[in-house]
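Data first, discussion second: the structure below is written as structure tokens.
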Amino acid sequence: MFQKRYATPGTAPATLDPLPAACARKPVIRLIEYDLTHLDERVIPSVAELPDFPDDGRVRWVEMNGLGDVDELRALGHRFGLHPLALEDALNTGQRPKMEPYDDHLFIVAQMIYRDPERKLCGEQVSMFLGKSVLVTIQEEDEIDTFQPVRERIRGGRGFIRKLKTDYLAYALLDSIVDHCFPALEELGESIEDLENELMDKPSQSCIHVLHEHRRTLMQLRRFVWPERDVLSALLHDETGLIAQPTKIFIRDCYDHTVQIMDLIESYRDVTAGLLEMYLSSVSLRTNEIMRVLTVISSIFIPLTFVAGVYGMNFDYGDGSMPMNMPELHKPHGYIICIGIMLAITTAQIIFFRRKKWL
């Protein structure tokens with residue numbers, strides 16, 4: 001679901017190694033500048049062409065979507081004074097969500113979860129560098145993200161986003177990341193409910209494969225949502241001054257959303273564990289029923305086999321001089337009498353098994 005890349009073992013800290021060709025997407029740089037009365041949104045060809053940012057109270061959001069140019073990433077770090085270790089974490093995705101304070105900015109890592117056009121659950125790492133008047137975000141791809149509602153709010157001037165500073169913008173992005181977990185979990189919950197009905201009606205191996213896939217997805221979601229709750233808690237207790245008190249109220253609400261998501265994940269994990277036990281119980285029950293029927297059939301044929309085996313010895317003295325000779329061998333209806341005895345034994349056994357409720 002998530003692509004993970006790590007620094008080459010043994011390399012020096014803060015080393016920016018180029019990515020493999022399959023992962024190297026050319027970066028697209030966007031700049032959004034806004035305040036209450038002004039909005040400017042444009043694509044920047046390269047970091048070198050970013051304009052100077054005067055201290056005029058406007059909020060600047062610099063997006064770099066794509067990690068295929070290490071030189072551009074390094075230039076972005078020089079342009080805004082980003083710490084090299086943080087840049088290394090932004091390049092080597094798969095980091096645990098976290099918040100790290102530096103001299104004049106906060107480094108925030110979050111895991112963005114979304115559905116691709118094929119409705120497959122996937123995600124990517126989002127790295128944020130929160131400064132006093134500039135927010136820099138670095139993503140793996142440019143095609144899909146969860147930030148389009150935030151951009152629309154900026155363009156439309158809705159809510160508080162045009163009134164507050166970069167800390168509120170960082171909150172809005174984190175809130176969008178967190179809230180996009182709810183539709184994914186809702187769809188997953190509906191799938192689990194359908195799977196439960198199928199397991200109750202007709203359990204099969206395909207059901208258990210889907211169940212294990214759901215459990216794996218829930219485990220991955222838990223791995224990324226749990227530390228994101230810690231990130232929001234750290235932002236609530238930030239002492240650098242980059243998070244204003246009015247924004248902390250909104251962050252607290254986002255923190256509550258992560259708690260709700262964790263409750264849903266734990267609930268679904270319990271449900272899937274119960275479904276797994278139900279599947280194993282149903283399989284065991286079916287096996288017991290089959291074994292019971294087979295045992296009854298075997299029990300029925302045991303005395304019949306004994307009778308047939310005794311009469312199958314076929315010793316005979318035609319003159320009848322042996323008093324212990326096999327009975328009924330020379331009677332015209334001996335075969336019918338033997339079969340009748342077998343049927344009587346079978347009927348008696350079936351009646352006995354039914355009274356014992358074994359059948």
> Under a single-linkage definition using a 4.5 Å side-chain heavy-atom cutoff for Ile, Leu, Val, Met, Phe, Trp and Tyr, are M219 and L185 assigned to the same hydrophobic cluster?
Replying inline: no

>> Is it the case that atom CD in E187 sees more than 12 heavy atoms from other parts of the structure closer than 6.0 Å?
In response: yes

> If you draw a 6.0 Å radius around CG in D56, do more than 12 non-hydrogen atoms from other residues or ligands fall strictly inside?
Replying inline: yes

>> Would V136 and H105 count as a side chain to side chain contact (heavy atoms under 4.5 Å, CB included) here? Give the steps.
In response: CA-CA 10 Å; V136 179; H105 63 272; over 6 Å; no

>> Checking D194 now: which residues fulfil side-chain hydrogen bond (donor to acceptor under 3.5 Å, both in side chains) with it, not counting sequence neighbours?
In response: none

>> Nearest 0.5 Å, please: how far is NE2 in H214 from CG in L221?
In response: 12.0 Å

>> To check you understand the geometry: which heavy-atom pair defines the closest contact between R269 and T272, and what is its length?
In response: O-OG1, 2.8 Å

> Is I302 reachable from I350 through a run of I, L, V, M, F, W or Y residues, each pair having side-chain heavy atoms under 4.5 Å apart?
Replying inline: no

>> Test: ring-ring contact (aromatic ring centres under 6.0 Å, His included). Region: residues 254-299. Which pairs qualify, not counting sequence neighbours?
In response: none

> S281 side chain to E277 main-chain N or O, any donor-acceptor pair under 3.5 Å?
Replying inline: yes

> Taking the side chain as C-beta and beyond, is there a heavy-atom pair between L173 and V126 under 4.5 Å?
Replying inline: no

> If you look at every heavy atom in C181 and V225, which pair is closest and at what distance?
Replying inline: SG-CG2, 4.2 Å

> Looking just at side-chain N and O atoms, do Q125 and S127 make a donor-acceptor pair shorter than 3.5 Å?
Replying inline: yes

> Could you state the interatomic distance from CG (L130) to CG (D238), rounded to the nearest 0.5 Å?
Replying inline: 8.5 Å

> With a 4.5 Å limit on heavy-atom distance, are the side chains of R96 and V109 in contact?
Replying inline: no

>> Please check this pair: side chain of Q111 against backbone of F224, looking for a donor-acceptor N/O pair closer than 3.5 Å.
In response: no

> Thinking salt bridges, do R58 and D40 make one under a 4.0 Å N-O criterion?
Replying inline: no

> Do you know which two heavy atoms are closest between A172 and R153, and how far apart they sit?
Replying inline: CB-NH2, 4.0 Å

> Would you call D145 and Y114 a side-chain contact if the rule is heavy atoms closer than 4.5 Å?
Replying inline: no

>> Quick check: is L343 connected to I351 through a chain of hydrophobic side chains (ILVMFWY, heavy atoms under 4.5 Å apart)?
In response: no

>> So which atom in A86 and which in F107 form the shortest heavy-atom distance, rounded to 0.1 Å?
In response: O-CZ, 3.5 Å

> Should we count CG of D263 as having more than 12 external heavy atoms under 6.0 Å?
Replying inline: yes

>> Please determine whether side chain to side chain contact (heavy atoms under 4.5 Å, CB included) holds for the pair R155 and Y34, giving the CA-CA distance in whole Å, both sets of side-chain angles, and the decisive distance to 0.1 Å.
In response: CA-CA 9 Å; R155 293 163 186 155; Y34 65 87; over 6 Å; no

>> What verdict does the side chain to side chain contact (heavy atoms under 4.5 Å, CB included) test give for F147 and W61, after you've listed the backbone C-alpha separation in whole Å, the side-chain angles of each residue and the deciding distance to 0.1 Å?
In response: CA-CA 12 Å; F147 297 151; W61 178 14; 4.2 Å; yes

>> So K132 and D104, do their side chains get closer than 4.5 Å, heavy atoms only?
In response: no

>> Just so I know, are the side chains of E213 and T217 near enough to count as touching, which here means a heavy-atom distance under 4.5 Å?
In response: yes

> Hey, what do you get for CE (M342) to CZ (F301), rounding to the nearest 0.5 Å?
Replying inline: 10.5 Å

> Got K26 and D69 here, is their nearest side-chain heavy-atom distance under 4.5 Å?
Replying inline: no

> Would a distance-only check, ignoring hydrogens and angles, find a side-chain to backbone donor-acceptor pair under 3.5 Å from S176 to T146?
Replying inline: yes

> Shortest non-hydrogen contact from D89 to Q95?
Replying inline: O-CG, 3.4 Å

>> If you count every heavy atom of other residues, nucleotides or ligands that lies below 6.0 Å from F182 atom CZ, does the total exceed 12?
In response: yes

Show me, pair by pair, the donor-acceptor contacts under 3.5 angstrom made by side chains of residues 76-84, not counting sequence neighbours?
unit_1: R79; atom_1: NH2; unit_2: P51; atom_2: O; d: 2.5
unit_1: H83; atom_1: ND1; unit_2: L85; atom_2: N; d: 3.1

> CG/D175 to CZ/F250 distance, rounded to the nearest 0.5 angstrom?
Replying inline: 10.0 Å

> Does the pair T166 and V134 meet the rule for a side chain to side chain contact (heavy atoms under 4.5 Å, CB included), with working shown?
Replying inline: CA-CA 6 Å; T166 53; V134 179; 5.6 Å; no

> Is there a donor-acceptor contact under 3.5 Å from the side chain of E63 to the main chain of V43?
Replying inline: no

> Linking I/L/V/M/F/W/Y whenever their side-chain heavy atoms sit closer than 4.5 Å, directly or via other members, would I249 and V178 fall into one cluster?
Replying inline: no

>> Could you tell me if the side chain of I154 sits less than 4.5 Å from the side chain of E41, heavy atoms only?
In response: no

> At their closest point, which heavy atom of M112 faces which heavy atom of Q139, and how far apart are they?
Replying inline: CE-NE2, 3.8 Å

> Would you say the side chains of R151 and Q148 form a donor-acceptor pair under 3.5 Å?
Replying inline: yes

> How long is the span from the OG1 atom in T258 to the CE atom in M262, to the nearest 0.5 Å?
Replying inline: 8.5 Å

> Do V62 and V28 share a hydrophobic cluster, counting only Ile, Leu, Val, Met, Phe, Trp and Tyr and linking them when any side-chain heavy atoms are less than 4.5 Å apart?
Replying inline: no

> Atom CD1 of I300 and atom OG1 of T347: how far apart are they, to the nearest 0.5 Å?
Replying inline: 9.5 Å

> Heavy atoms, side chains only, cut-off 4.5 Å: are M64 and V47 in contact?
Replying inline: yes

> Does CD in E239 sit with more than 12 non-hydrogen atoms of other residues, nucleotides or ligands closer than 6.0 Å?
Replying inline: no

> Okay, side chain of T295, backbone of M291: is any donor-acceptor separation there less than 3.5 Å?
Replying inline: yes

